[in-house]
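Worksheet for the structure shown next.
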Amino acid sequence: MSEQDENREGYDVHATEAKWLPVWDELDPFRADDDSPREKRYALTMFPYPSGDLHMGHAEVTALHDVIARYWWQRGFEVLNPIGWDSFGLPAENAAIRRDEHPATYTYANIETQAASFRKYAVSFDWSRRLHTSDPEYYRWTQWLFLKLREEGLAYRKSSPVNWCPHDQTVLANEQVVDGHCERCGALVTKRELTQWYFKITDYAQELLDDLDVLEPTWPARVVSAQRNWIGRSEGAHVDFQVATDGGGSREVSVYTTRPDTLFGATFMVVAADAKLAAEIVSDQQRKTFEDYLEETRRASDVDRMATDRPKSGVFLGAYAVNPVNGVSVPVWASDYVLADYGTGAIMAVPGQDQRDWDFAREYDLPVIRTVQPPEDWEGEAFTGHGPAINSANDSVSLDGLEIDEAKRTIIDYLEKQGSGRGAVNYRLRDWLLSRQRFWGCPIPIVHCPVDGEVAVPEDQLPVVLPELKGADLKPKGVSPLAAAEDWVNVECPTCGGPAKRDSDTMDTFVDSSWYFLRYCSPHFEDGPFDPAAARAWMPADIYVGGVEHAVLHLLYARFFTKALRDLGLLEIGEPFAAQLNQGFVINHGKKMSKSLGNGVNLGDELSQFGVDAVRLTLVFAGPPEDDIDWADMSPAGSLRFLQRAWRLSGDVASAPGVSPESGDVALRRVTHRTVHEAAGLIESFRFNVMVARMMELVNATRKAIDSGPGAEDPAVREATEVVAILLSLVAPYTAEEMWSRLGHQPTVARVGWPVVDEALLVEDSVTAVVQVQGKLRARLEVSPDISEADLEAAALADESVQRTLEGKQVRKVIVRAPKLVNIVAG
RNA sequence: GCCCCGGUGUCCCAAUCGGCAGAGGAAGCGGUCUUAAACACCGUCCAGGUGUGGGUUCGAGUCCCACCCGGGGCACCA
């Protein structure tokens, strides 16, 4: 024992940890029983990726999450609090290449390390449900789900320009491209035309958007807002233009616009340079110019393309489009400021009302017609504000004078009658590209046969297991390493038996994590991805705790999967996570922890210095869970001091276990019962930091009762100390268990149940009423909590110092809020 | 540019419905213990008004408007 520990008067943190861990292992108090008659709760935390040991971030999220799970157990619920690992992914593959080994070696070693750390960290996980997405028993069902979605037309293959990360040598989903860079490695993302697998998440765009309204009260505002932005619904119209092409032909080209009311001001059309349409309608004369331009834009990175302040560029395609409302023939241009994969890949350009079109018109000297009247002093360029329509009439319809909304309705109505357009809704959301050209992922269970084409691997042949590749075999080559594994990739076609090849891509790891919370409900189920009865019992998760970085990735994908599985008849719910809590980051000295800054805080060091409980308490007490925690501002030593103070109470209690608290000191009992009452509300509204503060007050009050109050023999002191142990069991399980034991009870305190609040003790027998004059505090009165308004007013007016203040003034109005406040307006 | 969240003592942070501006912690200071120090324990100090300016109200940290600062999301999405 160190000198420091001796001074802690016998509370040896590490000995306490060593003492209780095996006891808990024996008791196994957190195993969720599917058949329990209790009401069920599902506490879900985002499963970790197995890179190295746990760090401060893991410590924070699990400390917060565990407060909720342990609280629910104490409240008498049957709680499902599972743990698993998101164990496919690039870091393991890169490590395997470096170390010349199989990715599984690195992965499973790290999982064991993290599992041991979680155990010591005393998280109330149900270890019997542990899963790893890289286990064939798990990914068999990922493959099965993929095939089901494919049967429904929700997984399909198409050739399209895709995001390509040259560093990781793989394609990326839109969601994984951040500011034109790879979300994972930061490399500049380029475009490639590739045939890839997609999930048709866009089929669910509207439902994903609508259900956010339902989630809004219980989900963090920033996640709801991020998803709304990402789905990006807009309302407008499709307008059909006839485009004259070379040789006198004509074809119809539809554009999407949110401003159909400005159609009379469309003075040219712009087609995305990289859209197929552009190449189809360009005239022979302009073809060379166009192709040169296309080549130039292809070379530009997305980052350059997305810079909004760069001058507009484009080429004339030698074709003309006829505006359906006025018969005017307008030139068709190609430009890179129009996106090929949004809307129809073509726009009607209205320079009078759109700044981008204005810029383009200026660059190439194209005409401008204003169709919304700008204010008189308007000196700007495109006018995007509100005003009456102008210059917008033909023989059968006129928008002139109408405000924008009315004008939109009128013109859409007209277009629909004419058959040259219709109201339309568009989304920014694109389909989810799920193929990856990497090894350490779930193989796509498809065989490509020269005769039968795409053939699904039959269900009884699942899982398609990864081959044993390691080291240099895994090096990125632009095609999946699986393609080079001859024995693996060459198979018989399941349909015709002829020679065929397996699909050699693997799935995005976000596919694995889009359904793991369902597998947790029945992790050993053999007849499907999950037992529908178990899913019915546990889902949706009542709380999902995790990082906000998944606001539009995992959380959107998981919602999509849930809805798709519901439509497949596998689930009865449409939303997987009823409520959500995002924790902030643990930072240090105002900055994110990083190796390059050298400001990392090592979790293991903190744990050995202060113990598990003090670290957990510090993280929970730091502030609101969503806020970042600056470790430099925190005091784990202070947390440890508090735990010792609490622990010491348990040694001072002098009454016997089981003594009735009825005869105990009423003042202390009031504090105890009020604390229990408030703690429940605070936990349920995620204000754990305040809950801890209340707990500290209770400890202080109990200390006072022992030292300078009714004394250690008073039953109220035992009651208070037992409550401290129970409340503490949510945050500091070791200290709580040790206290419980010293109070003469058997383990485990974690399951003894929430203290019953005596309502009578919540009612004060007198309260302090405040008397204000002109809003300023002038007197305090001790009054009965059920005093009448009239009595309180009379008492206030009778008060001496109030009288003095009111001298020479006339009372104009008296506001009484019995029993707490009187405000006298005088003058 | 549009949208979301926040700004309270030296620091981290409380203040359910608009009703006493501070709960809890940290740091500081004083004391007890000690030969001494550290640890521990006990006690204690701190706002001219809650980023700024207006407004509503008997009453605003809380509601409304504008702005400033910090953090985050979306963005050539027609």
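Order of the sequence lines fixes the chain letters, A, B, ..., with proteins taken first and strands second; residue numbering starts at 1 for each chain. Only a predicted model underlies this, so the values are computations on that prediction, with no experimental measurement involved.
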Rounding to an integer number of Å, can you tell me how far [X] [atom1] sits from [N] [atom2]?
X	N	atom1	atom2	result
A:Gln609	B:C39	CD	C1'	14 Å
A:Leu619	B:G25	CG	C1'	15 Å
A:Asp707	B:G43	CG	C1'	13 Å
A:Lys312	B:A78	NZ	P	14 Å
A:His589	B:C12	NE2	P	14 Å
A:Leu698	B:G25	CG	P	13 Å
A:Asp628	B:C13	CG	P	9 Å
A:Leu212	B:C74	CG	P	15 Å

Side chains of [X] and [Y]: is there a donor and an acceptor less than 3.5 Å apart?
X	Y	value
A:Trp631	A:Glu606	yes
A:Asn229	A:Gln227	no
A:Thr675	A:Glu697	no
A:Ser801	A:Asp799	yes
A:Gln355	A:Glu381	yes
A:Ser313	A:Tyr293	yes

Exercise for review: Could you tell me whether the phosphate oxygens of B:A78, OP1 or OP2, come under 4.0 Å of any side-chain nitrogen or oxygen in A:Tyr337?
Suggested key: no
Point to revise | CD on A:Gln583 to CG on A:Leu64, rounded to 0.5 Å | key: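 If I round to the nearest 0.5 Å, the distance is 7.0 Å.
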Review point. Is any side-chain N of the basic residue among A:Glu216 and A:Arg228 closer than 4.0 Å to the acidic one's carboxylate O?
Key: yes
Check your understanding: For the rings on A:Phe268 and A:Trp333, is their centre-to-centre separation under 6.0 Å?
Key ->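 Ring-ring flag for A:Phe268/A:Trp333: false, centres at least 6.0 Å apart.
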Output a table of nitrogen or oxygen pairs between the protein and nucleotides 26-34 of chain B separated by less than 3.5 Å.
residue, atom, partner, partner atom, Å
B:A26, OP1, A:Arg641, NH2, 2.8

**Study point:** A:Ile815/A:Val822 under side chain to side chain contact (heavy atoms under 4.5 Å, CB included): CA gap, chis, key distance, verdict
**Key:** CA-CA 6 Å; A:Ile815 292 105; A:Val822 178; over 6 Å; no
Review point. RNA chain B: A:Arg703 or A:Asn700, which has the more 5' nearest nucleotide?
Key: A:Asn700
Exercise for review: Between A:Asn426 and A:Ala622, just flag the one whose closest nucleotide in RNA chain B comes earlier from the 5' side.
Suggested key: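 That would be A:Ala622.
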Same-atom distance ([atom1]) from [N] to [M], integer angstrom:
N	M	atom1	answer
B:U8	B:G53	P	16 Å
B:U52	B:G70	C1'	15 Å
B:C41	B:G49	P	38 Å
B:C4	B:C46	P	41 Å

Filtered N/O pairs between nucleotides 57-62 of chain B and protein, under 3.5 Å:
residue, atom, partner, partner atom, Å
B:C58, O2', A:Asn823, ND2, 3.4
B:C58, O2, A:Asn823, ND2, 2.4

Practice item. Have a look at A:Phe621 and say if it touches a base, only the backbone sugar-phosphate, or nothing, with a 4.0 Å heavy-atom cut-off. Key: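 Base contact.
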Exercise for review: Pick base, sugar-phosphate or nothing for A:Pro220, based on heavy-atom distances below 4.0 Å to the nucleic acid.
Suggested key: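 No contact.
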Review point. With a 3.5 Å cut-off and just heavy-atom distances, do the side chain of A:Lys820 and the base of B:C20 make a donor-acceptor pair?
Key: no
Practice item. Kindly write out the residues that satisfy salt bridge (Lys or Arg N to Asp or Glu O under 4.0 Å) with A:Asp786, not counting sequence neighbours, or none if the list is empty. Key: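 Here no residue qualifies.
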Exercise for review: Kindly state which residues belonging to residues 225-236 of chain A come within less than 4.0 angstrom of RNA chain B, counting heavy atoms of the residue only, listed by number.
Suggested key: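 A:Ser225, A:Ala226, A:Asn229, A:Trp230, A:Ser234, in order of number.
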Practice item. Enumerate the residues from residues 686-695 of chain A whose closest heavy atom to RNA chain B is under 4.0 Å, giving them by residue number; use none for an empty result. Key: A:Arg687, A:Asn689, A:Val690, A:Ala693, A:Arg694
Review point. Excluding sequence neighbours, so at least two apart, what forms side chain to side chain contact (heavy atoms under 4.5 Å, CB included) with A:Leu821?
Key: A:Gln772, A:Arg817, A:Asn823
Once side chain to side chain donor-acceptor pair (under 3.5 Å) is applied, do any residues pair with [X], and if so which ones, sequence neighbours excluded?
X	result
A:Arg641	none
A:Arg674	A:Glu764
A:Thr344	none

Point to revise | cation_pi(A:Lys312, A:Phe360) dist<6.0 Å, angle<=45 | key: no
**Study point:** Nucleotide-level pairing of RNA chain B, given in dot-bracket where Watson-Crick and G-U pairs need both distances under 3.5 Å and | marks other strands
**Key:** (((((((..((((.....[..).))).(((((.......)))))......(((((..]....))))))))))))....
Exercise for review: For side chain to side chain donor-acceptor pair (under 3.5 Å), just list the numbers for A:Thr258 and A:Glu235, CA-CA rounded to whole Å, side-chain angles, deciding distance to a tenth of an Å, and then say yes or no.
Suggested key: CA-CA 6 Å; A:Thr258 54; A:Glu235 287 177 31; over 6 Å; no
**Study point:** Options B:A78, B:U16, B:G24, nucleotide nearest the side-chain atoms of A:Asp354
**Key:**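 Nearest listed nucleotide: B:A78.
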Check your understanding: Using the purine O4'-C1'-N9-C4 or pyrimidine O4'-C1'-N1-C2 torsion, is B:C17 syn (within 90° of 0) or anti?
Key ->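 Judged by the O4'-C1' to base torsion, B:C17 sits in syn, the angle falling within 90° of 0.
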Point to revise | More than 12 heavy atoms from other groups under 6.0 Å of CD on A:Glu782 | key: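 Yes.
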Exercise for review: Spell out, as yes or no, whether a donor-acceptor pair under 3.5 Å connects the side chain of A:His386 to the backbone of A:Ile404.
Suggested key: no
Determine all donor-acceptor pairs shorter than 3.5 Å in which one atom belongs to a side chain in residues 420-427 of chain A; sequence neighbours excluded.
residue, atom, partner, partner atom, Å
A:Arg422, NH2, A:Asp240, OD1, 3.1
A:Arg422, NH2, A:Asp240, OD2, 2.5
A:Tyr427, OH, A:Gln206, OE1, 2.2

Using the 3.5 Å cut-off, write out each protein N or O paired with an N or O of nucleotides 5-7 of chain B and the distance between them.
none

